[in-house]
Amino acid sequence: IAKCGKYIEEEGLTNQCSTLKADFMHLPLDDGSFDAAYTIEASCHAPDRLALFKEVYRILRPGGQFSGYEWCLTDLYDDKNPDHRQIKKGIEEGDALPDILHTSEIVRVLKEAGFTVCDSEDRALTSDPRKPWYLPIEGKELSSLHGLLCTRPGRMITHFLLTIFEKMGIAPKGSIALSALLIKTADYLVEAGKKGIFTPMFYFRAKKL
């Protein structure tokens, strides 16, 4: 927040922009005080999506719009499939998420919060098939340092170094466990993407009439 304020001041935008650190479930803002709101891979962390969307609805003026990208399950997800359930659970645990909702549930909850849903689609289905959303964490993109670190050898080296650093007291206690969790979570995300049962790119645009 402090850095954002600094950038705003440097650009001479203090009369147009400001930052606020708050609980998005209980926004310290007046009713009908904004023309628009957005969320990008953030509202998926809300403990109660309906309560959050109602809070966004409250702060918007009539005619105000709300759009975002959600992490969701798709129509290909089968709750009766134990493999699908394990992948879902792995993503939730590794990314500190509550229950991941289906795309249709997001639309339903938006409507229940009072919004009129203008657009909604899984944009992972219309993105470049040669560059799927999970490519950066799949470990096959070798044109950058980040890509190399995401390969199996790169992850092993990073984990090995963290093990040494934690034992030496350079890295905080728990770094090894966190590294293992993140590596496993990345594998779950890639598998979910390849199976098409999960998307981080469910787009929606809704309006407060």
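Of all non-hydrogen atoms in Ala46 and Pro98, the two that sit nearest each other are O-CG, 3.3 Å. Nearest approach of Glu121 to Thr126, heavy atoms of both residues: OE1-CG2, 4.2 Å. Considering all non-hydrogen atoms of both residues, Ala206 and Phe115 come closest at CB-CB, 3.7 Å. Here the shortest heavy-atom pairing between Ala124 and Ser127 reads O-OG, 2.9 Å. Taking every heavy atom of both residues into account, Phe53 and Ala113 meet most closely at CB-CB, 3.7 Å.
Note: Thr185 OG1 to Ile183 CD1 = 9.5 Å, rounded to the nearest 0.5 Å. Rounding to the nearest 0.5 Å places OG of Ser67 at 10.5 Å from CG of Leu110. Cys44 contributes atom SG, which lies 9.5 Å from atom CG of Leu101 (distance to the nearest 0.5 angstrom). Here CD1 of Ile8 is found 6.5 Å from OG of Ser18. Values are rounded to the nearest 0.5 Å. To the nearest 0.5 angstrom, Gln65 atom CD is 9.0 Å from Asp119 atom CG. Here the straight-line distance linking atom NE2 of His84 with atom CG of Asp78 works out to 6.5 Å at 0.5 Å rounding.
Checking side-chain atoms of Thr74 against main-chain N and O of Gly196 turns up a donor-acceptor pair under 3.5 Å. Glu191 places no side-chain N or O within donor-acceptor distance of the main-chain N or O of Ile87, the cut-off being under 3.5 Å. A donor-acceptor pair under 3.5 Å links the side-chain atoms of Thr163 to the main chain of His159, judged by distance alone. Not one N or O on the side chain of Arg123 forms a donor-acceptor pair closer than 3.5 Å with the backbone of Met201. Not one N or O on the side chain of Asp95 forms a donor-acceptor pair closer than 3.5 Å with the backbone of Leu97.
Atom CE of Met25 has more than 12 heavy atoms from other residues, nucleotides or ligands within 6.0 Å. More than 12 heavy atoms of other residues, nucleotides or ligands sit less than 6.0 Å from atom CZ of Phe24. Environment of CD in Glu9: sparse, with no more than 12 heavy atoms of neighbouring residues, nucleotides or ligands closer than 6.0 Å. Around CD of Glu11, the count of heavy atoms belonging to other residues, nucleotides or ligands within 6.0 Å does not exceed 12.
Other cluster members for Ile176: none, since no ILVMFWY side-chain heavy atom sits under 4.5 Å from it.
Applying the salt bridge (Lys or Arg N to Asp or Glu O under 4.0 Å) definition to pairs two or more places apart or across chains, none involves residues 157-185. For residues 188-209, the ring-ring contact (aromatic ring centres under 6.0 Å, His included) pairs, not counting sequence neighbours, are Phe66-Phe204, Tyr69-Tyr203, Trp71-Phe198, Trp133-Phe198.
The shortest distance between side-chain heavy atoms of Asp35 and Leu60 does not fall below 4.5 Å. Side-chain contact check for Cys72 versus Ile106: some heavy-atom pair is nearer than 4.5 Å. Using a 4.5 Å heavy-atom threshold, the side chains of Phe34 and Val56 count as separate.
Under the 4.5 Å side-chain contact rule for hydrophobic residues, Ile157 and Met168 share a cluster. Criterion: ILVMFWY side-chain heavy atoms under 4.5 Å apart, direct or through other members. Under it, Leu73 and Tyr134 are part of a common hydrophobic cluster. One hydrophobic cluster, built from ILVMFWY side chains closer than 4.5 Å, holds both Leu52 and Leu50. Cluster annotation: Ile91 and Leu181 are assigned to distinct hydrophobic clusters (Ile/Leu/Val/Met/Phe/Trp/Tyr, side-chain heavy-atom contacts under 4.5 Å, transitive). Side-chain heavy atoms closer than 4.5 Å link hydrophobic residues (I, L, V, M, F, W, Y) into clusters, and following such links, even through other members, never connects Leu182 to Phe160.
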>> Determine whether Arg205 and Val117 satisfy the following criterion, side-chain contact (heavy atoms from CB on, under 4.5 Å), listing intermediate values before the conclusion.
In response: CA-CA 6 Å; Arg205 182 174 64 86; Val117 179; over 6 Å; no

> Checking side-chain contact (heavy atoms from CB on, under 4.5 Å) for the pair Leu20/Leu29: CA distance, chi angles, key distance, verdict?
Replying inline: CA-CA 10 Å; Leu20 172 68; Leu29 300 166; 3.9 Å; yes

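Residues passing the side chain to side chain donor-acceptor pair (under 3.5 Å) test with Asp30, sequence neighbours excluded: none. In terms of the side-chain contact (heavy atoms from CB on, under 4.5 Å) criterion, residue partners of Ser104 (sequence neighbours excluded) are, by chain and number, His102. Every residue two or more places apart in sequence or in another chain that forms a salt bridge (Lys or Arg N to Asp or Glu O under 4.0 Å) with Lys194 is listed here: Glu138.
Electrostatic pairing of Glu70 and Arg49 counts as a salt bridge here, judged by a charged N lying under 4.0 Å from a carboxylate O. In this structure, Lys195 pairs ionically with Asp83, as a charged nitrogen and a carboxylate oxygen lie closer than 4.0 Å.
At a cut-off of 3.5 Å, with distance as the only test, no side-chain donor of Tyr77 or Asp75 sits close to an acceptor on the other residue.
Tested against Asp31 for a salt bridge (charged side-chain N to carboxylate O under 4.0 Å, His left out), the candidates Arg58, Lys54, Lys208 yield a single pass: Arg58.
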